[in-house]
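For reference, the structure discussed in these notes is given below.
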Amino acid sequence: MKAEIHALLQQALKALGNDGILEAGAELNIPVERGRDDSHGDFASPVALALARSARCNPRQLAEQMVERLPDSPLIEKTEIAGPGFINFTIRDSAYQMLVSEILKADEHYGSSKLGAEQRLQVEFVSANPTGPLHVGHGRGAAYGAVVANLLRATGHKVECEYYVNDAGRQMDILAASVWLRYLQGCGETLPFPSNGYRGAYIQTIADELRSKHGEEFRLPANTVVENLPPDEADGGDKELYIDSVIERARTLLGERRYRLIHGHVLAALVEEIRCDLLDFGIGFEHWYSERSLMDSGSVTTVIERLREAGHLYEREGALWFRSTEFDDKKDRVVVRENGQTTYFASDIAYHLDKFERGFTRVINVWGADHHGYVPRVRAALQALQEDPARLDVLLVQFANLYRGGEKVAMSTRSGDFVTLRQLREEVGRDAARFFYVMRKSDQHLDFDLDLAKAESNDNPVYYIQYAHARIASVMRQTEEKGFRWRPADSTEVTGELGEDHELVLLRRLSRYPEIVEAAALAYEPHQLAYYLRELANDFHTYYNAHIFLVAEAPLRNARLGLINATRIVLRNGLALLGVSAPDTM
RNA sequence: GCGCCCGUAGCUCAGCUGGAUAGAGCAUCGGCCUUCUAAGCCGGCGGUCGCAGGUUCGAGUCCUGCCGGGCGCGCCA
């Protein structure tokens, strides 16, 4: 509908140009809005206000001249000029009534568009280090990224979801060492556990698996493991130095082959756990991209070489630096450390170059807001490599805090004292978790109220929306029980019966759905859809309370059943985009 | 100190590329079940849009400066 209004205005503008009232060719995007107030009609355009200045004329007068030149349309009941020069459009009831058949026919496709023209996009999200199970902090990025991907698919983009696995860093070594030490303890060796090691219960689980699979293949006497190590923090030493020595010791004693076996086992176990957690959360990825593979394939050294040849690198204090300040970064960044190892940033340059070379029109990264300082250097690197940084969108997601009984739930990763995504899902359910994560704008801190998410009451927005869907399903069951029969085709000829205010309000809301999906997708803002669904559910509940659907007169009954089934379709489609189920009973 | 995000009703938050009288949920107060699920509906109360300037026909929205909160400023990932 909005698009049609837009087209009408465009033709009027063109006519004005032809008549010499406006300068032709002044192509501007014509603003069309939904009327905020009923008295303003259904759509409004301030286009005359915007043009009045350059045309040096009275905006109301200009609006009048535009209205005179608007082509006829079956959509339009009337046009009015109001206020300083708004053009208000009132849509015919019949146009809304016809929407019922349109929605019933389009069914699961209602709301989808071809806006994206099959452009290939990549959404990379979660990408949490595989050093433990996902916790509630990752959950928001997971839910958000998945819905953004869904919205982009619904608007005609070809979307691939990707998880970048940081399987190459020091943290992974600390993890492998932690598991090995637990393994040794399990074998009966007595040794201290590093204060900087990973302590979660899952470490023990993986160590036990390792032992049942490999027996005592990795067992070594405790004294050879700990002898001559520097003091740990508990003994007045440095915990970082200590843990690095433990890792070094593990590599030496085990040999590279056995060390890699353990490392690989730990990595596989954790990635698998993460994959399952996400799957249970309704989120799947097309690709799991390994950082290590970038190093093994030589991509990292190749990209460093490219930067060097292009003159963007220099040496200082034994390290190799990328001159990112040349591209608006605040300081230059190290790509190769003094010890010869490449940095995480170096991997990331290779990774982003690879993404670009895979041919995506746009590459979208969903990152935690704590990484915002990292964005400029990635863009800088892409520019240095002659790539267009505008193809990269970085979406920053603020943190989520859990509240239980009005109290903030404290969490810290290293100590193993955190609420996992799995625990959250088991506590509040997948639907509530998914909905709560995306109901706030992503750049807003999220207060996640566990008690509210669990509440089976009208306070809980998830149930409120799902209840609307279940009620409609219930009415359809009643239809059969009362001996009526309804098929979508039964509504087509009778939608003219839908004249009640509540019905027209509901129809207007349904007509907005495609616009909401489009706006939410283009702005990467799932919360817009969440709000819309709440409002739609409200309109339905109001209608439900005001009118009986299963009346004796068949035309009216069939018209109403058509309307509520159209409502059901939109509720179901919208919830599906959010990753929330649409139950038939509650 | 510098950079990014945020500041809207008692609380949690919307407010579409600047548009008409700033909205919703919760809380609170009061109504509605012999009728398709009351997990629902209707109404009341509640605001100097952090503060001060500026831009213009028009500012919660854009610009500048303050005040307040969060995050980031590693040869960690």
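In what follows, chains carry the letters A, B, and so on, assigned in the order in which the sequence lines appear, proteins first and then strands, with residues in each chain numbered from 1.
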Look at all strands and tell whether [X] reaches a base, only sugar-phosphate, or nothing, counting heavy atoms closer than 4.0 Å.
{"X": "A:Ala519", "value": "nothing"}
{"X": "A:Tyr374", "value": "base"}
{"X": "A:His541", "value": "sugar-phosphate"}
{"X": "A:Ala468", "value": "nothing"}
{"X": "A:His371", "value": "base"}
{"X": "A:Glu515", "value": "nothing"}

Integer-rounded Å distance: [N] [atom2] and [X] [atom1]:
{"X": "A:Leu446", "N": "B:U12", "atom1": "CG", "atom2": "P", "answer": "13 Å"}
{"X": "A:Arg509", "N": "B:A24", "atom1": "CZ", "atom2": "C1'", "answer": "11 Å"}
{"X": "A:Glu240", "N": "B:A77", "atom1": "CD", "atom2": "P", "answer": "12 Å"}
{"X": "A:Glu535", "N": "B:A14", "atom1": "CD", "atom2": "P", "answer": "13 Å"}
{"X": "A:Arg534", "N": "B:C41", "atom1": "CZ", "atom2": "C1'", "answer": "12 Å"}
{"X": "A:Arg377", "N": "B:C75", "atom1": "CZ", "atom2": "C1'", "answer": "12 Å"}
{"X": "A:Leu267", "N": "B:A77", "atom1": "CG", "atom2": "P", "answer": "16 Å"}
{"X": "A:Asp449", "N": "B:C13", "atom1": "CG", "atom2": "C1'", "answer": "13 Å"}

Q | Euclidean distance, A:Phe540 CZ relative to A:Thr567 OG1, rounded to 0.5 Å | A | 7.0 Å

Q: Assign each of A:Asn129 and A:Pro46 to its nearest nucleotide of RNA chain B by heavy atoms, then name whichever residue's nucleotide is nearer the 5' end.
A: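 Taking each residue's closest nucleotide, the earlier one in sequence belongs to A:Pro46.
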
Q | Any donor-acceptor N/O pair under 3.5 Å between B:A20 base and A:Asn88 side chain | A |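 Donor-acceptor pair under 3.5 Å: yes.
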
How far does the [atom1] atom of [N] sit from the matching atom of [M], given to the nearest Å?
{"N": "B:U64", "M": "B:U28", "atom1": "C1'", "value": "42 Å"}
{"N": "B:U48", "M": "B:A38", "atom1": "P", "value": "39 Å"}
{"N": "B:G15", "M": "B:C62", "atom1": "P", "value": "12 Å"}
{"N": "B:U61", "M": "B:G18", "atom1": "P", "value": "12 Å"}
{"N": "B:A14", "M": "B:U8", "atom1": "C1'", "value": "10 Å"}

(Q) Syn or anti for B:C33, given that syn means the glycosidic angle lies within 90° of 0? (A) syn

Q: Mark up nucleotides 1-11 of chain B, 5' to 3', with B wherever a protein heavy atom is under 4.0 angstrom from a base atom, S wherever such an atom reaches only the sugar-phosphate, and - elsewhere.
A: --BBSS-----

(Q) Counting primed atoms plus P, OP1 and OP2 as sugar-phosphate and everything else as base, spell out the protein contacts along nucleotides 33-38 of chain B at 4.0 Å heavy-atom distance: B, S or - for each nucleotide, 5' to 3'. (A) --BBBS

Q. Can you check whether A:Arg337 has a side-chain N or O nearer than 4.0 Å to OP1 or OP2 of B:C76?
A. yes

(Q) Between A:Asn538 and B:C41, is there a contact of a side-chain N or O with OP1 or OP2 at under 4.0 Å? (A)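 Yes, such a contact exists.
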
Q: Could you tell me whether the side chain of A:Phe86 reaches within less than 4.5 Å of the side chain of A:Ser45, counting heavy atoms only?
A: no

Q: Decide yes or no for A:Asp354 and A:Tyr289: does some side-chain heavy atom of the first lie under 4.5 Å from some side-chain heavy atom of the second?
A: yes

Q: Answer yes if the side chains of A:Glu162 and A:Tyr351 hold a donor-acceptor pair under 3.5 Å, and no otherwise.
A: yes

Q. With centres under 5.5 Å and planes under 30° as the test, does A:Phe86 stack with B:A20?
A.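 It does: the ring sits over the base of B:A20.
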
Q) Checking A:Tyr242 side chain against A:Ser195 main chain: does a donor-acceptor pair fall under 3.5 Å? A)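 No.
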
**Q.** Polar side-chain atom of A:Trp321 near backbone of A:Arg316 as donor-acceptor pair, under 3.5 Å
**A.**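 Between the backbone of A:Arg316 and the side chain of A:Trp321 there is a qualifying donor-acceptor contact (under 3.5 Å).
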
